[in-house]
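Everything on this sheet refers to the single structure shown next.
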Amino acid sequence: MRFLLDAEQRAFAASLDALLTAADTPAVVRDWSRGDHASGRALWSRVAEAGVFALAVPETCEGGLGPRPAELALAFVELGRHAVPGPLVETVTAAVLLSGADPGTAERLLPALASGGTIATVEVEKAGTEKAGTGKAGTERSYALDGDAAGLRLSCSSDGIRLSPGHGPVRPSLDPARRLTPLTPGGELLLPGSLTDQALAWARLATAAQALGVGLALLDRTVAHVKRRCQFGVPVGSFQAVKHRLADAKIALEFARPLVFGAALTMRPAEVAAAKAAACEAAYSTARTALHLHGAIGYTAEYGLSLWLTKARALRTAWGDPHACRALVVSAAGDRRW
C-alpha cells in the first residue's frame, strides 16, 4: 500500500524539520547526556509549541489536538531523524494513560503535557521484576527514562498507576542520552490496573516512528560520507559492495515506512507491533552498515554519528523487543485478530 501525505501533513513535517535543524540538536543531546537539561527543556518547549505532544491529548482537554496517531508518527520520524533527547515516547504514553483517568485528574495533569510545561516519564513494572526501592533480592529492577528531568513520573504496576513522588540515582544506559532512574515507590493512585493495551500501542507506534527517523538519518549521513571519502583515487561510494549495503538499508527502511503509517491508521496492537519490529530492525541494521562504512571514526563518541548509532540500539528493545513484538503478530494471526 502506498501512503501519501496531504499538504497539511507535509507542511507540518517540513516545519518540524526546519525547527530542529536550526536548534543544533547534536549539541543539545550532548548537554542532556551530561545531565544539563537547560537546552533540552528549551527545545522541548519549541517542539510542544509545534503541537507534537498535543496530538496524543484528546481535543476535549485544554490544549489537546488528538487523538491523531498518524500525525504523531509523522512528528516522531522527524524527532528521530534529529536525535531529539528526552522521554518523548514516555510523555505520549503518559498522556494516553491519563486520558483514561477521571475528569478531574485529566484536567489537572494533561494540559501541562500538551503545552510542554511538564515532561513525563513512565516506569512499567514487568512480571517477575523488583519494584525499584523494595529491596527484594534475586529480581531485576525496572527503571524509568529521564526521571531526573521529568516533572510527572508515573509508576505502572499491578497495584495501579501511581504518581511517583521522586526518583533514585541516575543509571547509565547504552545510549548516553537515555538516562535511567528508578522511581520512588508509593504516591497518589491515579488509575486502577496496569499499563493499558492502548497506551502500549501508542508507545510502540511512537518508538517505531522514532526508530524510522533514526535509520533515515544514519542512511543520509553514511551516503554523504562514502561520497566524500576516497580510496584508490575514487569515492568509496562507487564500489559495488558499498552500494549493495546501502541499497539493503534503504529497502529495509522503505519497507518499514508503510507499516508504521498503516499501523497509525488502525492502531491495532498486532499491526503496531509489526511496525515496531520492522522499523527498529531496519534502523539497527542501518546502524551496523553505517558503522561498517564509516570505519574507525564511527566508533568514536566525539563523532556525531554515535548519537544515532546508540539510539538505534536502545530503541530496538524499548517498549517490547523484536521477539515480543513478533510473538504478538503470530498470536494475532493465529486467532484472526488482525
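All values reported here derive from a predicted model rather than from experimental measurement.
- For the pair Glu188 and Arg162, the minimum side-chain heavy-atom distance is 4.5 Å or more.
- Side-chain contact, Glu123 with Ser155: a donor N or O sits under 3.5 Å from an acceptor N or O.
- Arg153 contributes a side-chain N or O that, together with a main-chain N or O of Ala150, makes up a donor-acceptor pair within less than 3.5 Å.
- Counted by atom type alone, Thr121 and Glu90 present zero donor-acceptor pairs between their side chains at under 3.5 Å.
- Side chain of Asp146 to backbone of Ala149: no donor-acceptor contact under 3.5 angstrom is found.
- No more than 12 heavy atoms of other residues, nucleotides or ligands sit less than 6.0 Å from atom CD of Glu62.
- Environment of CD in Glu8: sparse, with no more than 12 heavy atoms of neighbouring residues, nucleotides or ligands closer than 6.0 Å.
- Between the side chain of Arg10 and the main chain of Leu5, a donor-acceptor pair closer than 3.5 Å is present.
- With Arg81 contributing its side chain and Ala217 its backbone, the two residues share no donor-acceptor pair below 3.5 Å.
- Not a single donor-acceptor pair under 3.5 Å links the side chain of Thr181 to the backbone N or O of His167.
- Within a 6.0 Å radius of CG in Asp6, other residues, nucleotides and ligands contribute more than 12 heavy atoms.
- Nearest approach of Ile161 to Ser194, heavy atoms of both residues: CD1-O, 3.9 Å.
- Listed for the Thr289 side chain is a donor-acceptor partner under 3.5 Å among the backbone atoms of Ser285.
- Using a distance-only test at 3.5 Å, with no hydrogens or angles considered, a donor-acceptor pair links the side chain of Thr196 to the main chain of Ala199.
- A continuous path of hydrophobic side-chain contacts links Phe76 to Leu265 [ILVMFWY only; heavy atoms under 4.5 Å].
- Thr184 contributes no side-chain N or O that, together with a main-chain N or O of Ser164, makes up a donor-acceptor pair within less than 3.5 Å.
- Ser331 places no side-chain N or O within 3.5 Å of a backbone atom of Ala327 that could act as its donor or acceptor partner.
- Other residues, nucleotides and ligands contribute only 12 or fewer heavy atoms inside 6.0 Å of the CZ atom of Phe255.
- Other residues, nucleotides and ligands contribute at most 12 non-hydrogen atoms within 6.0 Å of the CZ atom of Arg288.
- Looking at Lys276, its side chain does come within 3.5 Å of a backbone N or O of Gly320 through a donor-acceptor pair.
- Considering Asp175, Thr286, Leu218 in turn, Leu218 is the only one that fulfils the side-chain contact (heavy atoms from CB on, under 4.5 Å) rule with Leu309.
- Side chain to side chain, Asp31 and His37 fail the donor-acceptor criterion of an N or O pair below 3.5 Å.
- Distance check, rounded to the nearest 0.5 Å: CZ of Arg245 to CG of Leu219 gives 12.0 Å.
- Using bins of under 30°, 30° to 60° and over 60° for the plane-to-plane angle, the ring pair His225/Tyr303 lands in the perpendicular bin.
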